[in-house]
Amino acid sequence: MVDPSLYAAFLAAAFALCVAPGPDMMFIVAMGGRGGPVTGVLAALGVAAGALVHAVSAALGLSALFTTLPVLYHVLRWLGAAYLLYLAVKAFRDRSPLTAEEDVTSASGPSRPGRRRAFWQGAVTNLLNPKMILFNVAFLPQFVNPGLGHVSWQLLLLGLTLVLMGLSVDTTIGLLSGRLSSALRGSRRVARGLDIFSGTVFTGLAVRLVAAPK
């Protein structure tokens, strides 16, 4: 279905992209830092779910709409920035202490990211990032051999490979960041510092999404 030499080159390029720190990884670190290892892993799963939607859209040609209708890009960009700022405000306003033994979904910390909420926040954050759509349109076709036919299936296989590779890296990051935060959360000062760090990350991602060129 795919050119073996192109696929090998794709694997190398995709791995380099997945291990390089980026907005998704920083988001997962922030979520794991606020909620613990399970929350970090579920945030990574949410990001992967959003990336899967982008991959399927690219394979079906839906992402090409952004090249013909630029207004859609800007609408999605501002929606994504607004959502990240919403998460930042929640993190900055959080004053509820949480120790490593407490469940992140308990009533003692209502403003902390619950486990199910962490998944959906990861998915929404990724889906509202139009740069992910444009990335799939620009990156994946470079490793497609039209001479083999079934271009859509080639794009889908490449997209799924990228999603799975990113998921393996991101879940590891979410688990490690969550475990570290759980070990430190016995201190109210450290817990507050983690919230400020998370809010700063979310704010930085929102600014980056708005300010970065298309």
Side-chain angles (χ1 to χ4, degrees), residues 11 14-56 80 83-84 86-88 90-92 94 96-129 131-132 135-136 159-187 190-206 208-209:
L11 290 176
F15 179 76
L17 289 169
C18 289
V19 299
D24 285 340
M25 186 179 293
M26 293 303 297
F27 174 83
I28 292 165
V29 169
M31 294 297 286
R34 295 193 67 220
V38 176
T39 301
V41 170
L42 287 176
L45 289 172
V47 168
L52 179 61
V53 173
H54 288 311
V56 173
Y83 183 70
L84 286 167
Y86 163 75
L87 294 180
K90 290 188 66 177
F92 284 133
D94 195 349
S96 54
L98 184 67
T99 65
E101 291 77 17
E102 289 176 318
D103 191 318
V104 294
T105 60
S106 66
S108 63
S111 61
R112 292 195 181 280
R115 292 176 176 177
R116 184 179 302 177
R117 193 185 310 166
F119 173 85
W120 289 111
Q121 287 178 343
V124 171
T125 299
N126 189 275
L127 287 172
L128 291 180
N129 185 356
K131 296 181 187 301
M132 287 297 300
F135 169 79
N136 280 279
L160 290 176
T161 301
L162 184 61
V163 170
L164 292 175
M165 189 177 295
L167 178 61
S168 64
V169 173
D170 289 342
T171 51
T172 302
I173 295 297
L175 184 64
L176 293 177
S177 64
R179 284 183 173 176
L180 178 61
S181 71
S182 295
L184 297 175
R185 276 199 178 275
S187 166
V190 171
R192 181 57 186 153
L194 289 171
D195 288 331
I196 294 175
F197 167 75
S198 299
T200 302
V201 169
F202 295 146
T203 302
L205 293 177
R208 181 180 184 277
L209 189 58

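Remember, it's a predicted structure, so these values are computed and weren't measured experimentally.
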Legend entry - Flag side-chain contact, heavy atom, 4.5 Å: H54 against N126: yes
Inset, instruction - Write down the atom of A49, the atom of F119, and the distance for their closest heavy-atom approach. - result: CB-CZ, 3.9 Å
Inset, instruction - Using a 4.5 Å cut-off on heavy atoms from C-beta on, say whether the side chain of L160 contacts that of L52. - result: yes
Legend entry - Closest non-hydrogen atom pair, F92 against G199: CZ-C, 3.3 Å
Inset, instruction - Side-chain contact test, heavy atoms from C-beta onward, threshold under 4.5 Å: evaluate it for L42 versus R117 and give yes or no. - result: no
Legend entry - Taking every non-hydrogen atom, the tightest pair across M31 and A43: CB-CB, 3.8 Å
Legend entry - Heavy-atom closest pair, residues T39 and A118: CG2-CB, 3.5 Å
Legend entry - Side-chain heavy atoms of T125 within contact of V47, under 4.5 Å: no
Inset, instruction - Output the distance between atom CG (L127) and atom CH2 (W120), rounded to the nearest 0.5 Å. - result: 9.5 Å
Inset, instruction - Could you pull out the closest heavy-atom pair between A55 and G159, with the gap in Å? - result: CB-CA, 3.8 Å
Legend entry - Residue of the set I28, D170, L167 for which side chain to side chain contact (heavy atoms under 4.5 Å, CB included) holds with L45: L167
Inset, instruction - State the CE-OG distance between M25 and S177, to the nearest 0.5 angstrom. - result: 10.5 Å
Inset, instruction - Can you measure from CE (M26) to OG1 (T200) and round to the nearest 0.5 angstrom? - result: 10.0 Å
Legend entry - CG-CG distance between L11 and L162, expressed to the nearest 0.5 angstrom: 10.0 Å
Inset, instruction - Looking only at non-hydrogen atoms, find the nearest pair between Q121 and Y83 and report the distance. - result: CG-OH, 3.0 Å
Legend entry - Side-chain touch M132/D24, heavy atoms, less than 4.5 angstrom: yes
